[in-house]
Amino acid sequence: QVQLVESGGGLVQTGGSLRLSCAASGRSFSSYDMGWFRRAPGKEREFVATISRSGGTTYYDDSVKGRFTISRDNAKNIVYLQMYSLRPEDTAVYYCAAATLVIATIRGSDYDYWGQGTQVSVSS
């Protein structure tokens with residue numbers, strides 16, 4: 001079992017920055033990949049970024065590449081999503097997710113544990 005708790009969301013202006021955190025507990029954190037997804041109002045959930053269990057491999061959706069950075073601290077059991085140059089279209093509920101059974105990709109179905117989400121709102 002894995003429990004995930006996100007924090008760090010909020011309201012920022014266009015061009016601003018936020019850092020999301022996701023604290024994990026339960027199964028050994030360094031044994032599974034992690035990802036961030038988001039769901040905007042009226043839209044489907046979409047992939048944002050993923051990071052391998054060691055932190056050595058990351059992958060981003062094109063819409064956030066160059067603006068967002070995913071990282072993890074395996075000693076603290078936390079995964080981060082640093083977001084720069086935020087745009088109104090980044091407004092969404094952001095979810096962290098853990099893939100404990102497979103090597104994670106961009107597919108939500110790879111992830112078997114999810115956090116409750118944290119709201120990010122970007123004003124124009």
Side-chain angles (χ1 to χ4, degrees):
Q1 292 288 331
V2 173
Q3 293 78 43
L4 302 172
V5 179
E6 302 98 334
S7 61
L11 173 63
V12 296
Q13 293 185 332
T14 296
S17 301
L18 280 174
R19 187 177 78 161
L20 306 183
S21 299
C22 173
S25 60
R27 181 172 166 174
S28 175
F29 185 64
S30 60
S31 68
Y32 50 86
D33 300 340
M34 294 291 296
W36 285 95
F37 289 75
R38 64 187 181 186
R39 187 191 299 272
K43 294 189 177 181
E44 300 276 322
R45 183 183 65 196
E46 64 177 8
F47 168 79
V48 175
T50 187
I51 187 166
S52 62
R53 56 207 65 190
S54 69
T57 301
T58 59
Y59 186 79
Y60 300 89
D61 183 78
D62 285 344
S63 65
V64 306
K65 199 173 295 182
R67 299 188 299 122
F68 290 11
T69 300
I70 188 171
S71 62
R72 64 191 294 162
D73 185 334
N74 284 350
K76 295 182 178 179
N77 294 357
I78 298 177
V79 62
Y80 301 99
L81 185 68
Q82 178 69 57
M83 305 184 293
Y84 296 104
S85 301
L86 283 162
R87 306 166 180 169
E89 54 263 39
D90 295 318
T91 294
V93 177
Y94 283 71
Y95 300 90
C96 68
T100 68
L101 300 177
V102 299
I103 295 174
T105 66
I106 67 172
R107 298 178 306 194
S109 58
D110 290 344
Y111 301 82
D112 45 332
Y113 294 97
W114 294 80
Q116 83 289 350
T118 186
Q119 176 71 48
V120 171
S121 298
V122 185
S123 63
S124 57

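In the model, Arg38 has a side-chain atom that pairs as donor or acceptor with a side-chain atom of Tyr94 under 3.5 Å.
Separating the CD1 atom in Ile78 from the CZ atom in Phe29 is a distance of 8.0 Å, to the nearest 0.5 Å. Taken from CG in Leu18 to CD in Gln82, the straight-line distance is 8.5 Å, to the nearest 0.5 Å. A distance of 13.0 Å separates CG of Asn77 from CZ of Arg27, quoted to the nearest 0.5 Å. Rounding to the nearest 0.5 Å gives a distance of 4.0 Å between CZ of Phe37 and CH2 of Trp114. Arg19 contributes atom CZ, which lies 9.0 Å from atom OH of Tyr84 (distance to the nearest 0.5 angstrom). For the atom pair OG1 (Thr50) and OH (Tyr111), the distance works out to 3.0 Å, reported to the nearest 0.5 Å.
Judged purely by atom type and a 3.5 angstrom limit, Asp110 has no side-chain atom pairing as donor or acceptor with the backbone of Ala99. Thr58 places no side-chain N or O within 3.5 Å of a backbone atom of Ile51 that could act as its donor or acceptor partner. When atom types are taken as modelled, the side chain of Glu6 and the backbone of Cys96 share a donor-acceptor pair closer than 3.5 angstrom. The main-chain N or O of Val5 is never found under 3.5 Å from a side-chain atom of Gln116 such that the two would form a donor-acceptor pair.
Tyr80 and Val64 fall into different hydrophobic clusters, defined by Ile, Leu, Val, Met, Phe, Trp and Tyr side-chain heavy atoms under 4.5 Å apart, directly or through other members. Grouping the Ile, Leu, Val, Met, Phe, Trp and Tyr side chains by contacts below 4.5 angstrom, directly or via other members, places Tyr113 with Leu81. Hydrophobic clustering, with ILVMFWY side chains joined whenever heavy atoms are under 4.5 angstrom apart, groups Val93 together with Phe47.
The closest side-chain heavy-atom distance from Glu89 to Val122 is not below 4.5 Å. Side-chain contact between Met83 and Trp36: absent, with no pair of heavy atoms (C-beta onward) separated by less than 4.5 Å. Taking the side chain as every heavy atom from C-beta outward, Tyr32 and Leu101 never approach each other to under 4.5 Å.
In this structure Arg53 satisfies the side chain to side chain contact (heavy atoms under 4.5 Å, CB included) test together with Asp33, Arg72, Ile103, sequence neighbours excluded. For Arg39, the side chain to side chain donor-acceptor pair (under 3.5 Å) test picks out no residue, with sequence neighbours left out.
Within 6.0 Å of OH on Tyr59 lie no more than 12 heavy atoms contributed by other residues, nucleotides or ligands. Residue Lys65 places its NZ atom among more than 12 non-hydrogen atoms of other residues, nucleotides or ligands, all under 6.0 Å distant.
Listed here is the closest heavy atom pair of Ser124 and Thr14: CA-OG1, 3.4 Å. Minimum heavy-atom separation, Leu20 to Gly9: CD2-N, 3.6 Å. Here the closest heavy-atom approach between residue Ala24 and residue Leu4 is recorded as CB-CD2, 3.6 Å. The two atoms that bring Ser17 and Ser85 nearest to each other are OG-N, 4.5 Å, heavy atoms only.
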